[in-house]
Amino acid sequence: MAGTLNKVMLIGNLGDEVKMHYFDDKNCVGRFPIATSESYVSKQTNERITNTEWHNIVVRNKAAEICEKYLTKGDKVYIEGRIKTRKWTDDKGMERYSTEIQCDEFTFLTPKGDQQPQQSQKPNTDSNPQKPKSATTNAEAEGDDDLPF
């Protein structure tokens with residue numbers, strides 16, 4: 001082979017919300033981690049072992065804004081891109097390295113209907129919740145529910 005290839009394809013779950021960074025010239029970068037896992041049964045102990053690998057994803061401009069709008073923690077996503085290692089200096093003057101996946105393409109794999117329960121983790125606050133008869137409390141059975149009539 002005469003050339004080289006730097007191509008990554010991942011299917012994983014978001015480990016956190018998309019963090020956006022905006023620049024003066026209307027450009028932006030979105031960053032988020034995704035987790036990929038593999039499971040197998042150990043031949044020695046006969047127990048299931050799961051190994052999780054974390055990947056730092058970087059997406060730019062309009063694609064970053066789309067990811068921020070539609071992706072939430074826990075969503076499954078397909079990412080296609082390339083590996084890039086950045087070198088930077090931390091606050092103490094130490095040289096550090098970060099390996100990231102520069103995202104070129106993505107596909108949301110969590111169906112829209114599945115996203116609603118994940119986003120609204122609040123208790124049901126309907127003014128008239130439907131309870132089965134067996135869920136009636138003693139106070140409700142005795143009429144002590146603060147109704148104005």
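Since we're looking at a predicted model, the values are computed, not measured. All values below come from the heavy atoms of this structure, side chains included, with hydrogens, waters and symmetry mates left out.
Sorted by first and then second residue, the salt bridge (Lys or Arg N to Asp or Glu O under 4.0 Å) pairs involving residues 18-27 (not counting sequence neighbours) are Asp16-Lys19. Applying the salt bridge (Lys or Arg N to Asp or Glu O under 4.0 Å) test to residues at least two apart or on different chains, none of the pairs has a partner in residues 33-61.
Taking CD1 of Ile34 as the reference point, atom NE2 of His55 lies at 6.0 Å (rounded to 0.5 Å). Rounded to the nearest 0.5 angstrom, Ile83 CD1 and Asn56 CG are separated by 12.0 Å. To the nearest 0.5 angstrom, Lys87 atom NZ is 3.5 Å from Glu95 atom CD. Taken to the nearest 0.5 Å, the CG atom of Asn13 stands 8.0 Å off from the CG atom of Asp75.
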Go through the steps to decide whether Glu17 and Thr72 satisfy the test side chain to side chain contact (heavy atoms under 4.5 Å, CB included), and finish with yes or no. CA-CA 5 Å; Glu17 303 298 323; Thr72 59; 3.9 Å; yes

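Judged by distance alone, the side chains of Ser37 and Thr50 never bring a donor and an acceptor atom under 3.5 Å apart.
Considering all non-hydrogen atoms of both residues, Ile79 and Ile101 come closest at CG2-CG2, 4.2 Å. The nearest pair of heavy atoms linking Ala35 to Thr52 is CB-CG2, 3.7 Å.
With sequence neighbours left out, the side-chain hydrogen bond (donor to acceptor under 3.5 Å, both in side chains) criterion links Thr107 to no other residue. By the side-chain contact (heavy atoms from CB on, under 4.5 Å) test, Lys84 is found to be paired with Arg82, Gln102, residues two or more places apart in sequence or in another chain being considered. Among residues two or more places apart in sequence or in another chain, the side-chain contact (heavy atoms from CB on, under 4.5 Å) test is passed with Arg86 by Arg31, Trp88, Ser98, Glu100.
Between Tyr22 and Glu65 there is a side-chain heavy-atom pair separated by less than 4.5 Å. A heavy-atom distance below 4.5 Å is not found between the side chains of Ile66 and Glu68. In this structure, the side chains of Phe106 and Ile57 stay at 4.5 Å or more apart for every pair of heavy atoms.
Under the 4.5 Å side-chain heavy-atom criterion for ILVMFWY residues, no single connected hydrophobic cluster contains both Phe32 and Val58. No chain of hydrophobic side-chain contacts below 4.5 Å, direct or via other Ile, Leu, Val, Met, Phe, Trp or Tyr residues, connects Leu71 to Val29.
Annotation for Met9: hydrophobic cluster partners, listed by chain and number, are Ile11, Tyr78, Leu109 (ILVMFWY side-chain heavy atoms under 4.5 Å, direct or chained).
At distances below 3.5 Å, not a single donor-acceptor pair connects side-chain atoms of Asp104 with backbone N or O atoms of Glu80. A donor-acceptor contact shorter than 3.5 Å links the side chain of Asn61 to the backbone of Cys28.
With Cys103 as the fixed residue, the side chain to side chain contact (heavy atoms under 4.5 Å, CB included) test singles out one of Val59, Val77, Leu10: Val59.
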